[in-house]
**Student:** 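If you scroll down you'll find the structure; I have some questions about it.
Below, each value reflects all heavy atoms present in this structure, side chains not excepted, and no hydrogens, waters or symmetry copies.
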Amino acid sequence: MFRRVSLVAALVLLACSTAAQAQKQTIGAPPEASNMKLVGSNDLQARSAYQPTIHHQGDRWIAYIGHHGGTDDVPAPVNPMTGKAEPNGTSIVDVTDPARPKYLRHLPGQEGKYESGGAQMVRVCDGKALPKGDPNAVYMLRTFGGEAHEIWNVTDPASPVLITRIGGLKDTHKSWWECDTGIAYLVSGAPDWRTRRMTQIYDLSDPAHPQKIRDFGLPGQEPGSTGAVPTELHGPISTGPDGNRVCFGYGTNKGGILQIVDRDKLLNGPKEPTPDNLRYPEIARMPTSAFNGAHTTFPMLDMPIAEFSEDKDGKTRDIVMIVNEAILNECGEARQMVWFADVTTETRPMMISSYTVPEASGQFCQRGGRFGSHSSNESMAPVYYKKMAFIAFFNAGVRALDIRDPYHPKEVGYFIPSITAATDKRCIPIEGGERCKVAIQTNNVETDDRGYIYIVDRANTGLHILELTGPARNVAGLPKN
């Protein structure tokens, strides 16, 4: 009898838990959070968002946010500031007061839906930092759909002015721009290359007069090559001239590659895209498993490891954080995660740890949409660099990790926004049609020098500005709030 009552009670508890989980996803339900709290938000005109970049501009803080293209249902949302339907492009938001973000301007991108339109990527540099920039200007580098890269003068962020365009491409994606040198690693699709995405390197130290340095990719991707084509580039991150390394991530959710490149050899070595010349700057190449890719490859060199502080050698380590990208809805693939590689011995990189959100902690495979990692913050500002990482985890929101010991990364906080009336559905095919669910899809994350965390949603839920609370603040060394 006792066992039977226990079984009934367990079933009741399970039903209540499932009902409670479903209730969390209703419109108006509170966000789910631990050691993170909401400071402010903006709906971004219900546009699907990708990369946010936060820039300290004079006495203001401005968020520049890239967008995917429109959807089948709404290919060009109406901009309430102009009253016109506009293809998704770039949102510009004043976040000086993070509790009251002010939408300044929507800058339309390329017409098109999903990945084929919009203006997903955005980077920003001060003219006074660029070697040949106007010291009074601020410049924004963005993609224009798949066909071009553009540079805009955003000195007045509410009134951007187009400076130049690098066009004639078949695709673009997640570029990197060194503000102190002007060197830009542009993820492009050169028409004569055999892959959808590779790297075009430009000197953008004078934004009005771009100077091409070279094309770069994996041998087998270059024009005229034959045989199998290696997996396409997703994005690079440079450590600049001091670190003299560029980490390239290839693949997203399967068969990925971390490539470590000597920056000086890349920029100054032989430029003709022959197999030997493409291999020349490569220091190491580490393939991931067939199950996982390399969406983001974030370098953290000379990390002090407390556990090794008494050891004769290896007190500091060179670490690269690799973030995979979940692609399919409702767990229709292998789990995409966060991995840490020790690259101290550069020619022999090795995986040392991993992190994922436990699925059972929120029944995330049942919530709808994607569940798994997508991207990390990419700011190297001292407030968080080598101490904390923030990971966008789609329907599991954003996750705050203590990475001071990258051999044992530890989650110390999370935030899952509430869905709104604008949150878009995500569908999977089933027999006789499709099944659709509405779910948060936290897509990208960035931080600013003040310590605020910015997350944007792929499913039109907008921008959320967060701050750490409780013990998580102690990890970063932030004052109590």
**Student:** To the nearest 0.5 Å, what is the distance between CD1 on Ile237 and OG1 on Thr296?
**Tutor:**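 Rounded to the nearest 0.5 Å, the CD1-OG1 separation comes to 6.0 Å.
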**Student:** May I ask you to test the Met321-Ile391 pair for a side-chain heavy-atom distance under 4.5 Å?
**Tutor:**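 Met321 vs Ile391: side chains touch.
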**Student:** Quick one, Tyr64 with Arg142, criterion side chain to side chain donor-acceptor pair (under 3.5 Å). Give me CA distance, side-chain angles, the key distance, then yes/no.
**Tutor:** CA-CA 10 Å; Tyr64 297 86; Arg142 74 166 190 171; over 6 Å; no
**Student:** Regarding His67 and Ser91, do their side chains bring together a donor and an acceptor under 3.5 Å, going by distance alone?
**Tutor:** yes
**Student:** Mark yes or no for whether Asp318, through its side chain, and Asp302, through its backbone, hold a donor-acceptor pair below 3.5 Å.
**Tutor:** yes
**Student:** Do you know which of Asp457, Thr71, Thr461, Ile419 makes side-chain contact (heavy atoms from CB on, under 4.5 Å) with Asp424?
**Tutor:**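 Passing option: Thr71.
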**Student:** Return yes if some donor-acceptor pair links the side-chain N/O of Thr316 with the main-chain N/O of Met303 below 3.5 Å, else return no.
**Tutor:** no
**Student:** Closer than 4.0 angstrom, basic N to acidic O: yes or no for Glu325 and Arg370?
**Tutor:** yes
**Student:** Does any part of the side chain of Thr172, heavy atoms only, come nearer than 4.5 Å to the side chain of His149, both counted from C-beta?
**Tutor:** yes
**Student:** As an exercise, state the distance from CG of Asp448 to OH of Tyr384, rounded to the nearest 0.5 Å.
**Tutor:**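 Spacing of CG (Asp448) from OH (Tyr384) equals 8.0 Å.
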**Student:** Do Tyr202 and Ile213 touch side chain to side chain, with heavy atoms closer than 4.5 Å?
**Tutor:**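 Contact flag for Tyr202/Ile213 side chains = no.
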**Student:** Look only at the side chain of Gln221 and the backbone of Leu218, and say whether a donor-acceptor pair between them is shorter than 3.5 Å.
**Tutor:** yes
**Student:** Can we call the ring centroids of Tyr414 and Phe393 under 6.0 Å apart?
**Tutor:**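 Centroid distance Tyr414-Phe393: not below 6.0 Å, so no.
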**Student:** Given Glu86 and His106, is the side chain to side chain donor-acceptor pair (under 3.5 Å) satisfied, shown in steps?
**Tutor:** CA-CA 9 Å; Glu86 297 175 356; His106 175 252; 2.7 Å; yes
**Student:** Would you confirm whether the ring centroid of His464 sits within less than 6.0 angstrom of the ring centroid of Tyr452?
**Tutor:** no
**Student:** Looking at Ala46, is its backbone amide N or carbonyl O close enough to the side chain of Asp43 to form a donor-acceptor pair, meaning the two atoms are under 3.5 Å apart?
**Tutor:**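 Judged by distance alone, no pair lies under 3.5 Å.
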**Student:** Nearest 0.5 Å please: distance from the CD1 atom of Ile183 over to the OG atom of Ser205.
**Tutor:** 7.0 Å
**Student:** Determine whether more than 12 heavy atoms belonging to other residues, nucleotides or ligands lie under 6.0 Å from atom NZ of Lys410.
**Tutor:** no
**Student:** Which heavy atom of Thr231 sits nearest a heavy atom of Gly251, and at what distance?
**Tutor:**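 Shortest heavy-atom contact: OG1-CA, 3.5 Å.
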**Student:** Around atom NZ of Lys254, are there more than 12 heavy atoms from other residues, nucleotides or ligands closer than 6.0 Å?
**Tutor:**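 Incorrect, the count does not exceed 12.
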**Student:** Side chain of Ser373, backbone of Val323: donor and acceptor closer than 3.5 Å?
**Tutor:** no
**Student:** Using atom types as modelled and distance alone, determine if a side-chain donor or acceptor of Ser48 lies under 3.5 Å from a backbone N or O of Arg458.
**Tutor:** yes
**Student:** In chain order, what residues pass the side-chain contact (heavy atoms from CB on, under 4.5 Å) check against Arg473, with sequence neighbours excluded?
**Tutor:**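 Residues passing side-chain contact (heavy atoms from CB on, under 4.5 Å) with Arg473: Glu467, Leu468, Leu478, Pro479, Asn481.
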**Student:** Taking the basic N atoms (NZ, or NE/NH1/NH2) and the acidic carboxylate oxygens, is any pair closer than 4.0 Å for Glu346 and Arg317?
**Tutor:** no
**Student:** Are any of the side-chain heavy atoms of Ser34 and Phe415 separated by less than 4.5 Å?
**Tutor:** no
**Student:** What heavy-atom pair brings Pro210 and Ile166 nearest, and what distance separates the two atoms?
**Tutor:** CB-CD1, 4.1 Å
**Student:** Given 3.5 Å as the limit, does a donor-acceptor pair link the side chain of Asn244 with the main chain of Asp262, or not?
**Tutor:**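 No, because the side chain of Asn244 does not come within donor-acceptor range (under 3.5 Å) of the backbone of Asp262.
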**Student:** Does the side chain of Ser225 come under 3.5 Å of the side chain of Arg194 through a donor N or O and an acceptor N or O?
**Tutor:**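 There is such a pair (donor and acceptor under 3.5 Å, judged by atom type) between the side chains of Ser225 and Arg194.
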**Student:** Quick one: does Ser116's side chain have a donor or acceptor within less than 3.5 Å of a partner on Lys113's backbone?
**Tutor:** yes
**Student:** Please determine whether ring-ring contact (aromatic ring centres under 6.0 Å, His included) holds for the pair Tyr355 and Phe340, giving the CA-CA distance in whole Å, both sets of side-chain angles, and the decisive distance to 0.1 Å.
**Tutor:** CA-CA 9 Å; Tyr355 162 80; Phe340 292 84; 8.6 Å; no
**Student:** Do Asn444 and Ile455 come close enough that some side-chain heavy atom pair is under 4.5 Å?
**Tutor:** no
**Student:** Within 45 degrees of the ring normal and closer than 6.0 Å to the centroid, is that where the cationic atom of Arg165 sits relative to Phe144?
**Tutor:** yes
**Student:** Using the side chain to side chain donor-acceptor pair (under 3.5 Å) definition, which of the options His68, Glu111, Gln45, Arg47 pairs with Asn88?
**Tutor:**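 Per the side chain to side chain donor-acceptor pair (under 3.5 Å) rule, the option paired with Asn88 is Arg47, out of His68, Glu111, Gln45, Arg47.
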**Student:** Check whether any side-chain N or O of Gln259 sits under 3.5 Å from a backbone N or O of Ala284 as a donor-acceptor pair, and report yes or no.
**Tutor:** no
**Student:** Just by modelled atom types, is the Gly256 backbone N or O under 3.5 Å from a matching donor or acceptor in the Thr288 side chain?
**Tutor:** yes
**Student:** Please tell me if the side chains of Lys84 and Val78 come closer than 4.5 Å, counting only heavy atoms from C-beta onward.
**Tutor:** no
**Student:** Testing Arg399, Glu378, Met36, Glu446 one by one against Phe390 for a side-chain contact (heavy atoms from CB on, under 4.5 Å), which residue passes?
**Tutor:** Met36
**Student:** So Thr344 and Asp342, side chain to side chain donor-acceptor pair (under 3.5 Å) or not? Walk me through it.
**Tutor:** CA-CA 6 Å; Thr344 311; Asp342 186 326; 2.5 Å; yes
**Student:** For atom CD of Glu147, decide whether the heavy atoms of other residues, nucleotides or ligands shown that lie under 6.0 angstrom number more than 12.
**Tutor:** yes
**Student:** Sequence neighbours left out, what passes side chain to side chain donor-acceptor pair (under 3.5 Å) with Gln200? Give chain and number order.
**Tutor:**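 Gln200 satisfies side chain to side chain donor-acceptor pair (under 3.5 Å) with Ser188, Asp215 once adjacent residues are dropped.
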**Student:** Write out all pairs satisfying disulfide bond (SG atoms under 2.5 Å apart) with one or both partners inside residues 113-143, taking only residues at least two apart or from two chains.
**Tutor:**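 Qualifying pairs, neighbours excluded: Cys125-Cys179.
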**Student:** Distance check, rounded to the nearest 0.5 Å: Thr199 atom OG1 versus Trp176 atom CH2?
**Tutor:**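 Taking OG1 in Thr199 and CH2 in Trp176, the distance rounds to 14.0 Å.
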**Student:** Under 30°, 30 to 60°, or over 60°: which ring-plane class applies to Tyr50 and His295, parallel, tilted or perpendicular?
**Tutor:** tilted
**Student:** Applying ring-ring contact (aromatic ring centres under 6.0 Å, His included), run through His374 and Phe394 and close with a yes or a no.
**Tutor:** CA-CA 7 Å; His374 178 244; Phe394 288 118; 5.1 Å; yes
**Student:** Measuring from Leu466:CG to Asn35:CG, what's the distance to the nearest 0.5 Å?
**Tutor:**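 Between atom CG of Leu466 and atom CG of Asn35 there are 12.5 Å.
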**Student:** Which residues pass the side-chain contact (heavy atoms from CB on, under 4.5 Å) test with Pro160, not counting sequence neighbours?
**Tutor:** Ile92, Arg105, Leu107, Trp152, Val154
**Student:** Are any of the side-chain heavy atoms of Leu130 and Trp177 separated by less than 4.5 Å?
**Tutor:** yes
**Student:** Do Thr274 and Glu222 come close enough that some side-chain heavy atom pair is under 4.5 Å?
**Tutor:** no
**Student:** Please list, chain by chain and in numerical order, all residues satisfying side-chain contact (heavy atoms from CB on, under 4.5 Å) with Asp242, sequence neighbours excluded.
**Tutor:** none
**Student:** Using the ring of each side chain (for Trp, its six-membered ring), is Trp61 parallel, tilted or perpendicular to His56, with breaks at 30° and 60°?
**Tutor:**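 Trp61 vs His56 ring planes: parallel.
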**Student:** As a quick check of understanding, evaluate side chain to side chain donor-acceptor pair (under 3.5 Å) for Glu178 and Tyr185, giving each step before the final call.
**Tutor:** CA-CA 9 Å; Glu178 299 174 0; Tyr185 308 84; 2.8 Å; yes
**Student:** For Thr447 and Ser379, work out which heavy atoms get closest and say how close.
**Tutor:**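 For Thr447 and Ser379, the tightest heavy-atom pair comes out as OG1-CB, 3.6 Å.
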**Student:** Got a sec, which residues hit side chain to side chain donor-acceptor pair (under 3.5 Å) with Arg197, two or more places apart in sequence or on another chain?
**Tutor:** Asp171
